[in-house]
Every structure is written in C-alpha cells, then in structure tokens.
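Remarks on the structure that follows.
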Protein chains: 2
Amino acid sequence: MSRVAKPTDRRSASAMRDIIGRGPSLADTLALRLKEEIVSGHLLPGEKLATEQQISETYGVSRPTVREAIGRLKHDGLVVTRQGAGAFVADPGAVSVFRLDVADFSNKEEIRNIVELLMAVEATATEHAATRRSNKDLKKIQAHLNAMQAAVDRGEPGVEEDLAFHRAIVEAMGNPFFRDLSDFLDRRVRNFIRAARANTARMGGMTHSVQAEHQAIFDAIVRKDAAAARAAAETHLRNAAARLALYLER
Amino acid sequence: MSRVAKPTDRRSASAMRDIIGRGPSLADTLALRLKEEIVSGHLLPGEKLATEQQISETYGVSRPTVREAIGRLKHDGLVVTRQGAGAFVADPGAVSVFRLDVADFSNKEEIRNIVELLMAVEATATEHAATRRSNKDLKKIQAHLNAMQAAVDRGEPGVEEDLAFHRAIVEAMGNPFFRDLSDFLDRRVRNFIRAARANTARMGGMTHSVQAEHQAIFDAIVRKDAAAARAAAETHLRNAAARLALYLER
DNA sequence: AATTTCCTACTTGTCAGGCAACTTGGTTAT
DNA sequence: ATAACCAAGTTGCCTGACAAGTAGGAAATT
C-alpha cells in the first residue's frame with residue numbers, strides 16, 4: 001500500500017537521473033536502488049516486487065531498463081522471477097551466489113580487511129598443499145621458485161613470478177574455491193600496491209628476504225610438513241603485510 | 001550504409017534455443033556463452049567484443065536480450081563498455097568483483113570444498129575475535145551461547161541459535177568480508193544438511209557435545225587467548241565436518 | 001604539405017509499443 | 001461441491017526508433 005506507484009508522467013527521460021543521481025547507467029543505478037530495498041529489509045523474503053510496469057513508472061524509466069536492473073538482481077540470486085507471476089525476493093538461505101565487491105581502492109581500512117582475508121586463505125591453502133601435493137605439483141612449484149630466483153638475480157622485482165609461485169601452491173591444494181578467491185585477492189592487493197607505489201619512492205632491496213621466505217615454504221612442502229608450511233606461509237604473509245603497511249601509513 | 005538487419009521472422013525466435021540450449025532465460029544463457037569466450041582466453045583483455053548488432057545476429061536474439069547478457073558481464077566486471085566505442089574485455093587485474101557460485105548441491109566434492117573454506121574463515125575469525133572483542137561483543141556472544149543452551153535444554157536442535165552464536169563471534173572480529181563470507185558459507189552448508197537430513201534418520205543426541213565445544217570457544221574469547229580460541233574453533237569445526245561427512249558417505 | 005576542424009558512419013544507451021507464454025483467481029458448467 | 005474454463009495480469013522477448021558519444025577520414029586552414 002505504501003509504495004504504490006504513483007503514475008509519474010513520462011515526459012522527461014531525465015526524471016530518473018534526478019531521482020537517482022548520475023551513475024554508470026540507468027540500469028546499474030536502478031539495480032542498486034532495488035538492491036537497497038531488499039538488503040535493508042524493506043522487502044522481505046518471498047515478498048513480491050512491484051511489477052516491471054510499476055517500477056518503470058515510479059522511477060521514470062522504460063521497461064527494458066527495469067528488466068536489465070532486475071536481471072542483475074536475478075543474476076546475483078537476490079530475486080527469482082516466475083513468468084506470469086512476478087518477481088520475488090529470494091530466500092536468503094537459498095542464495096547460491098556470493099559477491100565480493102572491492103571497489104573502493106582509496107579506503108585503507110578495506111585494503112587491510114582484504115589482506116587479512118588473503119592471509120587466512122593462503123595460509124590454509126599452503127598448509128593443505130603440503131600434504132596433498134603430488135610430485136607433479138611439487139615440480140611446478142619448484143619451477144616457479146626457480147623462475148623467481150632468476151628474476152631476483154637479474155635484479156627484477158619479479159612480481160609475476162611471485163604470483164605464479166603462490167598460485168602453484170594454492171593449485172596443489174586442489175580446492176578451486178581457494179584458488180579463485182586467493183587469485184582474486186592477490187591481484188587486488190598487488191594492484192593496490194602498484195597504484196600506491198606510483199606516488200612513493202621504490203623501496204626495493206626486500207626481494208632477497210622474500211625469496212628466503214619462499215624457500216622456507218617450499219622446503220616444508222617438500223617434507224609434507226603441514227604445520228611448518230602454515231607457519232612459513234604465515235611468516236611470509238605477515239612480513240608482506242608489514243611491507244604493505246608502510247604504504248598505508250601516509 | 002547500414003547493414004540492415006534482416007527481418008527475422010517470428011518462428012526463428014527459437015533459433016537461439018536451438019543454438020544455445022534450454023536454460024533459465026535467453027539472456028542468462030547468452031551471458032554464459034559470452035563468458036566462456038572470455039575466460040577461455042578466446043578473447044583477450046582489452047579486445048573489443050562484437051557489436052550488439054553482430055551478436056544479436058549470430059545468436060539469433062534481439063538486441064535488448066544481448067544487452068541484458070552483456071549487462072551481466074559488465075556487472076561482474078568482466079567487460080567494460082564505452083558508449084559509442086563498444087564493449088571491451090576488462091583487464092583481469094582491474095576486476096573488482098569476485099563471484100562465488102555454489103549452485104551444484106548434489107556435488108559432494110563441492111560441499112567438501114565449501115566446508116573447507118568455511119573452516120578456514122571461521123577459525124581465523126574466531127582467533128582474531130578473541131583479541132579484538134569489546135565487552136559489548138562479549139555480552140552479545142554470551143547471550144547467544146545462553147540461548148543455545150536454553151534450546152538444548154528444551155531438547156531442540158537449536159540450529160538458529162547455533163548460527164547466531166557463530167555470527168556474533170565473526171562480527172566481533174570487525175572484518176565485514178569475513179562476516180559476509182562466513183555467513184554465506186554457513187547458510188549454504190546448513191541448507192545442504194537440511195536437504196540431506198530429509199532422506200535420512202535424525203542423528204540427534206550430539207547437541208550436548210556441540211554446546212561443550214561452544215563453551216570452550218567462549219572461554220578462550222573471554223580470556224582473550226587467540227591461540228586457544230583458534231584451537232577450540234578448529235576442534236569444533238572438525239567435529240562438525242565429521243558429522244557432516246556421515247551425510248556425504250551414502 | 002602539415003595541421004586543424006568538421007562531418008559522417010558506427011556503436012552503445014534508452015525509449016515505446018506489441019505479441020507470446022504463463023500464472024492466478026474467479027466464473028461457469030457439470 | 002467439484003471440475004473445467006476464461007480473462008486479466010505479468011514476465012519473456014521482439015521490432016523499430018532516436019539520442020548520445022566515439023572514431024576515422026574528408027575538407028578547410030595555415
């Protein structure tokens with residue numbers, strides 16, 4: 001009853017722009033709006049959304065645009081639609097999609113939280129990789145370790161080789177969720193570092209200690225010593241986080 | 001000269017269905033198709049996608065449908081579009097959205113992997129919660145512990161109270177990423193258990209030992225003993241996983 | 001001849017209207 | 001009372017059109 005669509009006249013295509021503000025696109029922004037309504041608890045699970053027609057009218061956008069917006073929510077598992085019936089807020093327990101949005105790069109708190117998650121994921125992955133790795137896995141890991149060493153010897157930072165080394169380890173764990181999540185977080189953090197490094201002096205000279213830490217991780221994996229592997233990974237990640245903290249504190 | 005779209009007659013609306021197979025919706029399925037093209041490396045970062053017009057013709061669907069599909073990819077950060085220029089494959093390093101899809105419920109391997117991730121996240125969260133929790137956090141955790149006890153005394157399984165207890169702990173850690181991820185995984189696993197329980201006998205009688213494990217976690221948090229908190233959480237999670245394994249092995 | 005300006009075709013963003021498929025609830029017929 | 005049926009409402013998808021922005025070549029200027 002409360003949010004019944006009042007028939008906004010259609011004359012201005014920019015009505016939405018006024019209501020909703022400037023954004024990436026009408027559909028995107030509308031999707032955000034509707035998502036708000038749901039996560040804020042304004043719309044309860046199972047409840048029926050307004051019809052596309054009504055939404056179209058209340059926000060002053062066309063139905064295709066509304067469809068695009070609802071399509072996003074459907075894609076994220078927040079709503080389910082039934083042809084002929086309508087669109088309904090999905091049961092939170094049945095949502096099968098998790099979305100991690102790491103948009104705000106300038107937010108240092110967010111970076112810290114991301115790093116924390118990365119540490120947890122990679123430390124555990126390394127721990128399990130130690131006992132599960134096949135000989136083939138081990139060879140791959142070693143190859144990347146050597147490549148990293150070669151890069152260090154050439155005086156290069158070897159960020160790509162570094163990433164590949166860690167990825168090979170996580171891969172050896174055999175859990176795709178860990179692999180994908182770790183990959184994403186890793187890229188994200190490195191991207192931040194690269195951006196931050198642009199306006200600060202290079203710090204360099206750390207690569208040798210980094211490589212020593214890598215060696216310690218590798219040795220533990222060779223021995224299939226899970227506890228040692230975890231410990232070595234934690235040390236490595238803690239040091240990496242400390243290096244990163246230097247960027248954060250300015 | 002504009003390449004006039006040949007007036008596709010109505011019946012070929014099912015052309016896509018033939019090309020693309022039966023699915024949730026044309027847009028959804030098309031989105032999957034296009035995603036394939038990208039992640040398979042067929043389309044390289046920075047490369048331009050076919051125009052909406054072209055895609056529309058090759059797949060035999062209308063442009064709005066193509067737009068919906070591309071909109072999904074855009075939403076997931078896989079492509080970026082520039083009005084007037086086209087749609088381009090996004091740089092993987094710049095992707096700021098992570099998507100975790102846990103669709104296949106029947107896949108036991110998947111459940112196992114999910115549980116593994118859940119264990120890593122919750123154990124770490126509990127560890128950090130021990131040192132970071134405020135007194136207010138502690139009160140909340142205790143309240144949920146008591147509620148759980150009350151449920152046990154009433155002879156109920158207390159799944160909701162259980163979930164709330166863990167959520168309060170993760171909340172006390174103060175990292176929203178951990179909170180959201182843990183919440184999602186927890187729901188997912190419990191949902192699986194509920195589904196599995198439907199066709200097996202209730203196992204019950206475990207609730208008392210569960211509560212004892214909860215108490216151990218709580219005590220460690222009270223003492224701000226991070227290591228003990230992690231250990232207690234790991235024990236609890238390991239036991240929970242073992243209980244769950246009973247469902248998996250049939 | 002080199003450079004700048006401008007124009008035009010192309011592409012994405014959005015809108016309007018329409019038909020088909022499906023759901024739902026009430027009405028009619030049995 | 002029950003079953004079959006019908007009509008309104010809703011989503012799924014299509015066609016056609018225009019606005020807004022881009023890019024590359026033609027034309028004008030230096």
Side-chain angles (χ1 to χ4, degrees), chain A residues 4-5 7-20 22-31 34 47-75 79-90, chain B residues 1-20 22-31 34 47-75 79-90:
Chain A
V4 155
T8 317
D9 52 345
R10 185 161 262 86
R11 79 178 124 70
S12 66
S14 62
M16 179 71 171
R17 296 247 91 117
D18 296 340
I19 298 174
I20 231 171
R22 203 141 321 255
S25 89
L26 286 185
D28 277 320
T29 330
L30 178 55
L34 297 178
E47 208 166 343
K48 188 172 167 306
L49 269 70
T51 70
E52 296 178 351
Q53 189 68 250
Q54 289 171 328
I55 297 178
S56 157
E57 283 166 7
T58 54
Y59 287 97
V61 298
S62 72
R63 201 161 80 88
T65 302
V66 173
R67 280 188 61 71
E68 274 197 62
I70 291 183
R72 305 254 205 290
L73 302 185
K74 208 165 45 169
H75 187 55
V79 309
V80 290
T81 59
R82 271 165 39 222
Q83 183 172 348
F88 305 83
V89 179
Chain B
M1 259 307 141
S2 60
R3 176 188 321 106
V4 128
K6 47 179 128 174
T8 323
D9 50 348
R10 239 315 171 295
R11 93 174 110 64
S12 73
S14 61
M16 179 72 172
R17 296 246 92 115
D18 295 340
I19 297 175
I20 231 170
R22 202 142 320 257
S25 88
L26 285 186
D28 276 320
T29 329
L30 180 54
L34 297 176
E47 210 165 340
K48 188 174 165 305
L49 269 71
T51 69
E52 297 178 351
Q53 189 69 244
Q54 289 171 329
I55 297 178
S56 157
E57 283 166 9
T58 56
Y59 286 97
V61 298
S62 72
R63 204 163 76 85
T65 302
V66 174
R67 282 189 60 71
E68 274 196 62
I70 292 183
R72 305 251 204 293
L73 302 185
K74 209 168 43 170
H75 187 56
V79 309
V80 290
T81 59
R82 273 165 38 221
Q83 183 172 348
F88 304 84
V89 179

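A note on names: the letters A, B, ... follow the listed sequences, proteins ahead of strands, and every chain is numbered from 1.
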Between A87(A) and P64(A), which has a closest nucleotide on DNA chain D that is more 5'? A87(A)
Can you give me the closest heavy-atom contact between [X] and [Y], atom names plus distance?
X: I55(A); Y: I70(A); answer: CD1-CD1, 4.1 Å
X: S56(A); Y: V61(A); answer: OG-O, 2.6 Å
X: K48(A); Y: G86(A); answer: CE-CA, 4.1 Å
X: A87(A); Y: T81(A); answer: CB-CG2, 3.7 Å
X: A31(B); Y: L73(B); answer: O-CD2, 3.8 Å

For V89(B), give me all partners under side chain to side chain contact (heavy atoms under 4.5 Å, CB included), at least two apart in sequence or on another chain.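 By the side chain to side chain contact (heavy atoms under 4.5 Å, CB included) rule, V89(B) matches I38(B), L43(B), L49(B).
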Please list, chain by chain and in numerical order, all residues satisfying side chain to side chain contact (heavy atoms under 4.5 Å, CB included) with R67(A), sequence neighbours excluded.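 Residues passing side chain to side chain contact (heavy atoms under 4.5 Å, CB included) with R67(A): E52(A), R63(A), E68(B).
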So F88(A) and E47(A), side chain to side chain contact (heavy atoms under 4.5 Å, CB included) or not? Walk me through it. CA-CA 5 Å; F88(A) 305 83; E47(A) 208 166 343; over 6 Å; no
Would you mind reading off the distance between [X] atom [atom1] and [N] atom [atom2], rounded to a whole angstrom?
X: L49(B); N: dT12(C); atom1: CG; atom2: C1'; result: 13 Å
X: Q53(B); N: dT12(C); atom1: CD; atom2: P; result: 9 Å
X: Y59(A); N: dT14(C); atom1: OH; atom2: C1'; result: 18 Å
X: I55(A); N: dG9(D); atom1: CD1; atom2: C1'; result: 15 Å
X: E52(A); N: dG17(C); atom1: CD; atom2: P; result: 16 Å
X: Q54(B); N: dT12(C); atom1: CD; atom2: C1'; result: 13 Å
X: E57(A); N: dT10(D); atom1: CD; atom2: C1'; result: 14 Å
X: L26(A); N: dT12(C); atom1: CG; atom2: C1'; result: 13 Å

Detail all sub-3.5 Å separations between protein N/O atoms and N/O atoms belonging to nucleotides 20-25 of chain D.
| from | atom 1 | to | atom 2 | distance (Å) |
| --- | --- | --- | --- | --- |
| dA20(D) | N3 | Q83(B) | NE2 | 3.1 |
| dG21(D) | N2 | G84(B) | O | 3.3 |
| dA23(D) | OP1 | R82(B) | NH2 | 2.3 |

Presence of donor-acceptor pair under 3.5 Å, side chain of R63(A) and base of dT11(D): no
Take the C1' atoms of the five end pairs on each side of the helix from dA1(C)-dT30(D) to dT30(C)-dA1(D), derive the two axes, and give their angle rounded to 10 degrees. 20°
Non-neighbouring partners of S62(B) that pass side chain to side chain donor-acceptor pair (under 3.5 Å), sequence neighbours left out: T65(B)
Applying a 4.0 Å non-hydrogen cut-off, can you work out what K74(A) is touching in the nucleic acid: base, sugar-phosphate, or nothing? sugar-phosphate
When you compare the side chain of Y59(A) with that of L30(A), does any pair of heavy atoms fall below 4.5 Å? yes
Sub-4.5 Å side-chain heavy-atom contact between R72(B) and D28(B): yes
Out of dT12(C), dC15(C), dC13(D), which nucleotide sits closest to the side chain of R67(B)?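 Nucleotide nearest to R67(B)'s side chain: dT12(C).
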Among dA16(C), dT11(D), dT15(D), which is the nearest nucleotide to the side chain of T51(A)? dT11(D)
Nucleotide N/O to protein N/O under 3.5 Å, stretch nucleotides 4-7 of chain C:
none

Quick check against the 3.5 Å criterion: does E57(A) have a side-chain atom that pairs as donor or acceptor with the backbone of Q54(A)?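 Here the side-chain-to-backbone pair does not exist.
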Does T81(B) place a side-chain N or O at less than 4.0 Å from the phosphate oxygens OP1/OP2 of dT11(C)?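 No, outside the criterion.
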